[in-house]
J.: 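First the structure, then my questions, so here it is.
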Amino acid sequence: MAQALVRYLCNQFVEIEGERLPLFAGVFGIFGHGNVTCLSEALEAVQDQLPTWRGQNEQSMALAAVGFAKAKRRRQLMIAASSIGPGATNMVTAAGTAMANRLPVLLLAGDTFANRLPDPVLQQVEHFNDPTMTVNDSFKSVVRFWDRITHPEQIITSLPQAIATMLDPADCGPAFIGLAQDTQEKAFDYPEEFFAPKVWSIPRPRPDRKAVEEAVALLRTAKKPLIISGGGVRYSVAENEVAAFAAKRGIPVVETIAGKGGLTHDHPVHAGPIGIVGSTSANALAAEADVILAIGTRLQDFTTGSWTAFAKDAKFISINTARWDATKHRAIAVVGDALETVTEIDAALGDFAIPGSHMAKAKGLFDEWNALLDGHQAPSDAAIPSYAQVIGVLNKVAGPNDTLIGAAGGTPGEITKGWRVKNPNTFDCEFGFSCMGYEIAAGWGCAMAQEGPGATGGTPIVMLGDGTYMMMNSDIYSAVLTGHKMIVVVCDNGGYAVINRLQQFKGVPGFNNLLKDCRIQNPENPLHVDFVKHAESMGAYARKCESLEELEEAMTWAQNNDRTTVLTIVSDAHAWVPGDADWDVGVPEVSAHESVRKARESQDVIRSNQRIGV
């Protein structure tokens, strides 16, 4: 069965920009007793056709697969394979990351014996009331497709369904298949047709005509419309069509975190990122917009300011392949592919266009935002540089095709606000799951993706804080070992700085976030990790930068290196580019702290401004 599974996967293909490529570009694998005797035997035989890459941690190798899928814009995939038990459950967090971000990854994990004769086997967690349950059931909440193979013939129907799910823009997400240990070994007379080469295509569903008519009718009433461009625009490869539509109709475009990078920073219709970690320009446009055309976005709270960013009488048109996302907040739901739907709406709008003053105002607001960024990113007399200043240096030195990668902590807000995209599809901020540990692993996956049609061909630049680095850094070694280059920039701000900021902003004294506020031996002088020595021990080049000037020089050095390079710089834990959108988080109704009680009053004001689902 394991051999048949691998043979089937090897015969799946996809066409990207006219070139036929393997649908599955490779396997990230860590072997254990649940997969080493059967699945590894099958993978070893096809290693020149379906390469297997050895990971250091099951979570990080699955996150690398997520980063690969994002860089490939969901058109080519990776597999992550683990044994049973802790190897499998390590991948649950990565599955959640893929699920939240609507990204495809095929997860293959060993499972217990279907016949139960040797039960309980090594690493089996027994459920006294349900012998059929294993740790692999924990994936059910974080994948789009789940199956357990207990008979060898089951893969004949399971594998096509798993792939169809991962390639469906509406259902896209991770697929999980558990492989019972004794089933992997069993022979079955599979029909030869099962292994026939198949070329998959990504569906482009067209919208319902009536929905298009309703959307056009509403859009025609708009005086101050706004387009929110989400990740779905990038995955539809519809950036050019959306930009052309916006320019023709005089509608400014703002981007979500996942959508950032669809347009270049200086594109004529671009007005900045929107939301809690967005720009003053985009948020000002959102506040006065009467019709919002949301394209390919799930409208999460960081985009909507917890639904305080828009006027309560504003109307929404939502274009999305997923019905779930399209129907939020009583939007006119236009369920369809972004490229196809925008094309049909454009054709139906005739000569409709908004007066040029609307776009001119948007660009004026964006100019003000750029001036604000310039001020925050400019060198200063401060002894310790801010995130914004570090970003300014990285952005200056980065090549036009280099991809910036970030995820949790203070990085998402600062790079979403401050990174000025030079070329499309060169920005990856994972903030659907805000998964600490994504960054370096995704850098490895992104570096692998810089080949073939659609690739930018640049170097991944991974930016993260010291807290995230400590959580998951072993793929620095993976990248060096496999020859996939990235540049990792560690901002050492002494702990979990941005969550400390939120903690104190909501009235709680600094506690257990910055190193100096933790229960440690020497709070006055916390021990800091020597990131240079640590990175060098994993085979990377590394350098500590004492100033912005040294960082700029080191970035140039890193770009000319032949392998992964780690740069570290001490950064300010308290200096941030300010935001102007609200965020709804829980604040105690009762507290001994006066500061918390005041924060609660502010939170009540935020909630009074929310659109309650309409």
Side-chain angles (χ1 to χ4, degrees), residues 257 272-288 299-314 329 368-369 372-373 375-376 382 384 386-388 408-418 431 434 436 465-468 491 493-520 523-524 526 571-614:
I257 299 172
I274 187 174
I276 294 168
V277 294
S279 59
T280 54
S281 52
N283 290 336
L285 292 168
E288 64 178 23
L299 295 172
Q300 62 128 270
D301 65 342
F302 263 66
T303 297
T304 67
S306 298
W307 286 104
T308 65
F310 311 101
K312 290 190 177 181
D313 60 351
H329 278 248
E368 293 175 9
W369 170 249
L372 185 149
L373 279 182
H376 281 280
I384 301 175
S386 66
Y387 263 79
T411 306
E414 297 299 294
I415 64 175
T416 301
K417 292 175 184 175
F431 214 54
S434 184
M436 292 183 72
D466 55 307
T468 301
C491 291
N493 52 30
Y496 302 135
V498 76
I499 208 67
N500 172 74
R501 175 195 183 198
L502 176 63
Q503 184 181 50
Q504 296 196 17
F505 183 64
K506 296 303 180 182
V508 183
F511 173 65
N512 201 48
N513 285 316
L514 295 183
L515 294 175
K516 65 182 182 65
D517 296 328
C518 298
R519 190 179 294 275
I520 59 176
E524 299 303 318
S571 56
D572 196 321
H574 306 286
W576 309 94
V577 177
D580 63 346
D582 291 322
W583 190 24
D584 190 358
V585 295
V587 179
E589 288 191 273
V590 179
S591 175
H593 294 289
E594 173 64 20
S595 55
V596 174
R597 295 197 293 272
K598 288 184 177 179
R600 174 66 195 203
E601 292 175 2
S602 298
Q603 206 65 30
D604 289 339
V605 172
I606 290 172
R607 289 172 179 170
S608 70
N609 293 325
Q610 286 178 316
R611 292 167 58 102
I612 311 299
V614 296

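Predicted, not measured: the structure shown is a model, and the values here were computed from it. Residue numbers run from 1 in the order of the sequence given.
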J.: Verify, without hydrogens or angle tests, whether Arg600 (side chain) and Pro588 (backbone) share a donor-acceptor contact under 3.5 angstrom.
T.: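 Answer holds: no.
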
J.: Do Asn283 and Ile274 have side-chain heavy atoms sitting under 4.5 Å apart?
T.: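 SC-SC contact between Asn283 and Ile274 confirmed.
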
J.: Hey, could you give me the CG/OG distance between Leu285 and Ser279, rounded to the nearest 0.5 Å?
T.: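 Leu285 atom CG to Ser279 atom OG measures 8.0 Å (nearest 0.5 Å).
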
J.: Might you point out which heavy atoms bring Trp369 and Gly278 nearest each other, and give the distance in Å?
T.: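 Result for this residue pair: CH2-O, 3.9 Å.
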
J.: Identify the two heavy atoms, one from Gly507 and one from Ala599, that lie closest to each other, and give their separation to 0.1 Å.
T.: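 Minimum heavy-atom separation between Gly507 and Ala599: N-CB, 4.3 Å.
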
J.: Got a second to check how far Phe431's CZ is from Thr411's OG1, nearest 0.5 Å?
T.: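 Answer for the CZ-OG1 pair, Phe431 versus Thr411, is 9.5 Å.
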
J.: So Trp307 and His329, would you call those rings parallel, tilted or perpendicular, with 30° and 60° as cut-offs?
T.: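 Aromatic pair Trp307/His329 classed parallel.
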
J.: Around atom NZ of Lys598, are there more than 12 heavy atoms from other residues, nucleotides or ligands closer than 6.0 Å?
T.: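 No, not enclosed.
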
J.: Backbone N or O of Gly495 within a donor-acceptor pair of the Asp466 side chain at under 3.5 Å?
T.: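 Yes, the answer is positive, given that a donor and an acceptor are paired below the 3.5 Å cut-off.
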
J.: Are any non-hydrogen side-chain atoms of Ser602 and Val605 less than 4.5 angstrom apart?
T.: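 They are not in contact (no side-chain heavy atoms under 4.5 Å apart), so the answer is no.
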
J.: Under the rule for ring pair (Phe, Tyr, Trp, His ring centres under 6.0 Å), what residues qualify as partners of His376, not counting sequence neighbours?
T.: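 Counting only residues at least two positions away or on another chain, His376 forms no ring pair (Phe, Tyr, Trp, His ring centres under 6.0 Å).
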
J.: Could you tell me which non-hydrogen atom of Ala282 sits nearest to which non-hydrogen atom of Gly272, and how far apart they are?
T.: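 The pair with the smallest heavy-atom distance is CB-O, 3.8 Å.
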
J.: Mind checking the CZ-CG spacing from Arg501 to Asn513? Nearest 0.5 Å is all I need.
T.: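 Here the interatomic distance stands at 13.5 Å.
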
J.: Under the rule for ring pair (Phe, Tyr, Trp, His ring centres under 6.0 Å), what residues qualify as partners of Tyr496, not counting sequence neighbours?
T.: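 So Tyr496 forms no ring pair (Phe, Tyr, Trp, His ring centres under 6.0 Å) with any residue.
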
J.: Between Ser306 and Thr308, do the side chains contain a donor N or O and an acceptor N or O under 3.5 Å apart?
T.: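 Thr308 vs Ser306: no donor-acceptor pair found between side chains.
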
J.: Output the distance between atom CD (Gln300) and atom CD1 (Ile257), rounded to the nearest 0.5 Å.
T.: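 So the CD of Gln300 and the CD1 of Ile257 are separated by 5.5 Å.
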
J.: To the closest 0.5 Å, what do you measure between CD (Gln603) and CH2 (Trp583)?
T.: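 Between Gln603 CD and Trp583 CH2, I get 10.0 Å after rounding to 0.5 Å.
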
J.: Starting at CZ of Phe302, measure out to CD1 of Ile276 and round the result to the nearest 0.5 Å.
T.: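 Reported value, rounded in 0.5 Å steps: 4.5 Å.
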
J.: Which heavy atom in Arg607 sits nearest to a heavy atom in Asp584, and how many Å separate them?
T.: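 Answer, listing the atom of Arg607 first, then Asp584: NE-OD1, 2.7 Å.
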
J.: Any idea which heavy atoms bring Gly410 and Tyr387 closest together, and the distance?
T.: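 Shortest heavy-atom separation between Gly410 and Tyr387 comes out as C-CE2, 4.2 Å.
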
J.: Do His593 and Val508 come close enough that some side-chain heavy atom pair is under 4.5 Å?
T.: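 They are not in contact (no side-chain heavy atoms under 4.5 Å apart), so the answer is no.
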
J.: Are Arg597 and Glu594 close enough for a salt bridge, meaning some N to O gap below 4.0 Å?
T.: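 Salt bridge flag = yes for Glu594 with Arg597.
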
J.: Looking at Ile384, Asn500, Asn493, which hits side-chain contact (heavy atoms from CB on, under 4.5 Å) with His574?
T.: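 With His574 as partner, side-chain contact (heavy atoms from CB on, under 4.5 Å) holds for just one option, Asn500.
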
J.: Looking only at non-hydrogen atoms, find the nearest pair between Lys506 and Val585 and report the distance.
T.: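 Result for this residue pair: CE-CG2, 3.7 Å.
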
